[in-house]
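What follows is one structure encoded as structure tokens, with my remarks underneath.
Residue numbering restarts at 1 for every chain, and letters A, B, ... go by the order of the sequence lines. Heavy-atom basis, side chains included; hydrogens, waters and symmetry copies ignored. Keep in mind that this is a model prediction, so the values were computed, not measured.
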Protein chains: 2
Amino acid sequence: MSIGQVAERTGLSVHTLRFYEREGLLAQPVRRGSAGHRVYSEDDVDWLGVCIRLRASGMPLTDIRRYTELVRAGQGNEAERLAVLREHRERVLAQMHELDECLKLITHKVALYEGRLGLRDDVVECAQPAFNGASRGRAAP
Amino acid sequence: MSIGQVAERTGLSVHTLRFYEREGLLAQPVRRGSAGHRVYSEDDVDWLGVCIRLRASGMPLTDIRRYTELVRAGQGNEAERLAVLREHRERVLAQMHELDECLKLITHKVALYEGRLGLRDDVVECAQPAFNGASRGRAAP
DNA sequence: GTAGATTCTAGAGTCGGCTCTAAGTCAAAC
DNA sequence: GTTTGACTTAGAGCCGACTCTAGAATCTAC
């Protein structure tokens, strides 16, 4: 598979594919064909899929590289790999929780504006108490 | 409230607080006391709380500014505000879905390594089929 | 009143993650 | 045989979001 085809399939640009390779994100160096052109295997693409997921969940490139290096190093470091994955899972869970909070806030505001657009117009934009607990009444509609 | 106190309460640095103000993220310009020092009201802090949540859910500063400007402009643009919020809510939902997928992958791998660390050692690191549907058997343990 | 912490402004620097450019190689189509 | 287009490298550029610096002014405690 050429770099162009892989770009098509993964949604990454060819620039990004080369960049990821330079950054050491591929489990093994991509094979080269005839004129030094990259030839990707299905496994390469699958691994890229994993990288994409890890990126999408906020793992920095350096961490992905570290994990990749462990995998590349072969058997014997499973405990380390597990630690990396567990740590990241915690971050993902935290992130989901955070997103959930955001969603609540946004949904609250959406409801507020939806209501307002039907009924009244004297309510002032407000904020949720986020840091103290000292509700001062006037801020929450 | 001084900028230092607000930094303490919000978790933002004083640098970031000044930066956010320059970027027009505050609903109204922060009041100034005696020597030109910023004096934050509870409402300012509450609004910052909203900004922090929006940021945490991936809204870019430019979008937050845009929303802030709508709020600052006062009544009459509720429909626009609602549109901004709804659009962002869609993005948050998409993001949550994506995170969920990532979580599945990670959890799968964690289980795999947990199992392996107890039992065997000849399984090779693998990737989830992510783009095609052509399972080639050898990639999935 | 003086030391040390906090604040001010304007502007420069950093970092992560791409994204693009330039100059060149190569294969296939016409 | 030349043009077109996909590929190569090394390296520069860009963008968002901070983060820090310098130099001056001002508060707080002793």
Once you round it to whole Å, what is the distance between [atom2] of [N] and [atom1] of [X]?
{"X": "A:R22", "N": "C:dT19", "atom1": "CZ", "atom2": "P", "value": "13 Å"}
{"X": "B:D63", "N": "D:dG16", "atom1": "CG", "atom2": "P", "value": "11 Å"}
{"X": "B:F19", "N": "D:dG16", "atom1": "CZ", "atom2": "P", "value": "10 Å"}
{"X": "B:I3", "N": "D:dT19", "atom1": "CD1", "atom2": "C1'", "value": "13 Å"}
{"X": "B:E8", "N": "C:dA5", "atom1": "CD", "atom2": "P", "value": "16 Å"}
{"X": "B:R18", "N": "D:dT21", "atom1": "CZ", "atom2": "P", "value": "13 Å"}
{"X": "B:L54", "N": "D:dA17", "atom1": "CG", "atom2": "C1'", "value": "16 Å"}
{"X": "A:I52", "N": "C:dG17", "atom1": "CD1", "atom2": "P", "value": "15 Å"}

Does [N] have OP1 or OP2 under 4.0 Å away from a side-chain N or O of [X]?
{"X": "A:R32", "N": "D:dT9", "answer": "yes"}
{"X": "B:S2", "N": "C:dT6", "answer": "no"}
{"X": "B:Y20", "N": "D:dC18", "answer": "yes"}

Would you call [X] and [Y] a salt bridge, using N to O less than 4.0 angstrom?
{"X": "A:E87", "Y": "A:R91", "result": "yes"}
{"X": "B:E101", "Y": "B:K104", "result": "yes"}
{"X": "A:E23", "Y": "A:R55", "result": "no"}

Mind checking [X] for me? I need base, sugar-phosphate or nothing, with any heavy atom below 4.0 Å counting as a touch.
{"X": "A:S13", "value": "nothing"}
{"X": "A:R55", "value": "sugar-phosphate"}
{"X": "A:R38", "value": "sugar-phosphate"}

Compare the minimum distances between each of D:dA10, C:dT7, D:dT19 and the side chain of B:H15, then state the nucleotide with the smallest one.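 Given the options D:dA10, C:dT7, D:dT19, the side chain of B:H15 is closest to D:dT19.
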Candidates C:dT7, C:dC18, D:dT8 - which lies nearest the side chain of A:T16: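 Nearest listed nucleotide: C:dC18.
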B:E80: which residues meet the salt bridge (Lys or Arg N to Asp or Glu O under 4.0 Å) condition with it, sequence neighbours left out?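 By the salt bridge (Lys or Arg N to Asp or Glu O under 4.0 Å) rule, B:E80 matches no residue at all.
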For nucleotides 24-30 of chain D, print each protein N/O atom paired with a nucleotide N/O atom at under 3.5 Å, atom names and distance only.
{"unit_1": "D:dC27", "atom_1": "OP1", "unit_2": "B:S34", "atom_2": "OG", "d": "3.3"}

Considering heavy-atom distances to DNA chain D, does B:L61 or A:Q5 have its closest nucleotide positioned more toward the 5' end?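 It is A:Q5 whose nearest nucleotide is closer to the 5' end.
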How long is the span from the CD atom in B:Q5 to the CZ atom in B:R38, to the nearest 0.5 Å?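 The distance works out to 14.5 Å.
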Checking side chain to side chain contact (heavy atoms under 4.5 Å, CB included) between A:Y67 and each of A:L25, A:V84, A:T62, which is the one that passes?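 Looking at A:L25, A:V84, A:T62, the match for A:Y67 under the side chain to side chain contact (heavy atoms under 4.5 Å, CB included) is A:V84.
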Side-chain donor-acceptor pair present, A:H37, A:S2, cut-off under 3.5 Å: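 No - no donor-acceptor pair under 3.5 Å links their side chains.
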